[in-house]
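Below, read A as the first sequence line, B as the second, and so on, with proteins coming before strands; counting in each chain starts at 1.
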There are 2 protein chains.
Amino acid sequence: MNKSTLYKGCLEPIVMRLLKDNGRMYGYQITQMVKELTKGELQITEGALYPLLHKLEEQGVVETEIENIGNRNRKYYTLTKSGKKQTAVAMDELKMFMQSLNLIVNPKMV
Amino acid sequence: MNKSTLYKGCLEPIVMRLLKDNGRMYGYQITQMVKELTKGELQITEGALYPLLHKLEEQGVVETEIENIGNRNRKYYTLTKSGKKQTAVAMDELKMFMQSLNLIVNPKMV
DNA sequence: ACATATACATAATCAAATTAGGTATATGTA
DNA sequence: TACATATACCTAATTTGATTATGTATATGT
């Protein structure tokens, strides 16, 4: 079993959380920030991230603007108003999940 | 997004953890204990659990014995020696993953 | 008598990843 | 100059790990 299989289903709330904290981010930046924050422990693959971002855009969770920086394009993602509300819900769910995991893995501590 | 999609990939270490703590368990008991421990938050489905247990048996992580209790069969699962080692590794990985999630969701607390 | 709980199982389907490939520019270095 | 690495986007095929639905059968509570 490799490390990365664990986060299946968590990538979406992770991305939403980062967008909430940082306001405006582009894809590559998200991959780097996750790597940094987790000291290299979590590495999100581009094959997972980009399709997810596109889905979130389709669903109206995020909106995008493309910016040209040094002759290269960056696609910036921002949470929409509705996306912010959905993020709050997703965060509650993620935290509940993390608490549940804790109850199982560390049954002594309450 | 529903709650349960979050634990994709975590079910295996969860089951291994429970077997480590409780020594000998049968499938139905595992579903009930997860429900109890998490106050109903995490409910593992039988469609996920039984195939997983069969896979773990095939891989030599667990071994089984069937017991007849009140005219009904229970299939008890126990970690093998090798399974215990693998569980220790899986626990380390799960804990790292949980810490990583925490670093993202609660970036202020270290 | 009927619903609910216990106890196992599998098949079809869906969702969310991985893996592997592609394009293109910028930068550091041998 | 050539080459590796970093930046920055993307998609297609495949795999994995769930859900949903269904089936079998016994026990227990109302």
Side-chain angles (χ1 to χ4, degrees), chain A residues 1-16 24-36 40 42-59 61-62 64-77 90 93-94 97 100-101, chain B residues 1-16 24-36 40 42-59 61-62 64-77 90 93-94 97 100-101:
Chain A
M1 179 168 54
N2 72 60
K3 218 180 327 200
S4 43
T5 47
L6 284 171
Y7 76 45
K8 275 196 190 189
C10 292
L11 183 56
E12 184 173 313
I14 284 174
V15 167
M16 289 165 87
R24 206 174 85 110
M25 300 184 80
Y26 56 98
Y28 187 75
Q29 185 186 11
I30 292 173
T31 67
Q32 297 309 301
M33 186 167 284
V34 168
K35 209 194 287 179
E36 246 180 74
L42 268 189
Q43 304 214 16
I44 73 184
T45 58
E46 299 184 321
L49 179 64
Y50 288 113
L52 170 61
L53 288 171
H54 301 161
K55 191 194 75 176
L56 291 175
E57 190 180 6
E58 258 179 53
Q59 292 174 345
V61 175
V62 296
T64 63
E65 40 181 345
I66 289 167
E67 215 166 283
N68 190 278
I69 309 239
N71 207 25
R72 248 181 328 192
N73 285 332
R74 282 183 188 167
K75 196 163 167 187
Y76 278 97
Y77 291 85
E93 282 171 5
L94 183 57
F97 169 69
S100 295
L101 257 191
Chain B
M1 178 168 55
N2 72 60
K3 215 177 332 192
S4 42
T5 47
L6 283 171
Y7 76 41
K8 273 195 189 189
C10 292
L11 183 55
E12 183 172 314
I14 284 173
V15 167
M16 289 165 86
R24 205 174 85 111
M25 300 184 81
Y26 56 97
Y28 187 75
Q29 184 186 11
I30 292 174
T31 67
Q32 298 308 302
M33 186 167 284
V34 167
K35 209 195 282 180
E36 247 180 74
L42 269 188
Q43 305 213 15
I44 73 184
T45 59
E46 298 184 317
L49 180 63
Y50 288 114
L52 169 62
L53 287 171
H54 301 161
K55 191 194 76 176
L56 291 175
E57 189 180 6
E58 258 179 54
Q59 292 174 346
V61 176
V62 296
T64 64
E65 39 182 344
I66 289 167
E67 213 165 286
N68 191 277
I69 309 241
N71 207 25
R72 246 183 327 193
N73 285 333
R74 280 182 189 168
K75 195 162 167 188
Y76 278 96
Y77 291 85
E93 281 171 6
L94 183 57
F97 169 67
S100 295
L101 257 191

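Atom P of nucleotide dG17(D) and atom CD1 of Ile44(B) are separated by 15 Å, given to the nearest angstrom. In this entry the distance linking CG of Leu11(A) with P of dG17(D) reads 17 Å, nearest Å. Regarding Phe97(B), its CZ atom lies at a distance of 10 Å from the P atom of dA17(C), rounded to whole Å. A straight line from CD of Glu12(A) to C1' of dA16(C) spans 10 Å, rounded to a whole angstrom. Summarising the geometry, the separation between CG on Leu49(A) and C1' on dT19(C) is reported as 16 Å, rounded to the nearest angstrom. Between the CD1 atom of Ile66(B) and the C1' atom of dC8(C) there is a distance of 10 Å, rounded to whole Å. Atom CD of Glu36(B) is separated from atom P of dT6(C) by 10 Å (rounded to the nearest Å). Atom CG of Leu56(A) and atom C1' of dA15(C) are 14 Å apart (whole Å).
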- Task: Going 5' to 3' through nucleotides 7-12 of chain D, assign each nucleotide B (protein heavy atom under 4.0 Å from a base atom), S (under 4.0 Å only from sugar-phosphate atoms) or - (no protein heavy atom that close).
- Result: BSBBB-
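DNA chain C is contacted by both Lys55(A) and Asn71(A); Lys55(A) maps to the nucleotide lying nearer its 5′ end (nearest heavy atom per residue).
Between Tyr50(A) and Tyr28(A) the shortest heavy-atom distance is OH-N, 3.6 Å. Nearest heavy atom pair, residue Cys10(B) against residue Leu94(B), reads SG-CD1, 4.3 Å. Between Tyr77(A) and Glu57(A), the shortest heavy-atom distance links the atoms CE2-OE1, 4.5 Å.
Atom OG1 in Thr45(B) sits 7.5 Å away from atom CG in Leu11(B) (nearest 0.5 Å). The CD atom of Glu12(B) lies 4.0 Å from the NZ atom of Lys55(B); values are rounded to the nearest 0.5 Å.
In DNA chain D, stems built from 3 or more consecutive Watson-Crick or G-U wobble pairs, each with both distances under 3.5 Å, span C:1-30 with D:1-30.
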- Task: Decide side-chain contact (heavy atoms from CB on, under 4.5 Å) for Ile14(A) and Ile44(A); before the verdict, give the C-alpha distance in whole Å, the side-chain angles of both, and the deciding distance to 0.1 Å.
- Result: CA-CA 10 Å; Ile14(A) 284 174; Ile44(A) 73 184; 5.7 Å; no
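Considering only residues two or more places apart in sequence or on other chains, Lys35(B) meets the side chain to side chain donor-acceptor pair (under 3.5 Å) condition with none of them.
Inter-residue side-chain proximity for Val62(A) and Leu53(A) is flagged as unmet; no heavy-atom pair is nearer than 4.5 Å. Two residues are said to be in side-chain contact when any heavy atoms from C-beta on lie closer than 4.5 Å; Phe97(A) and Pro13(A) fail this criterion.
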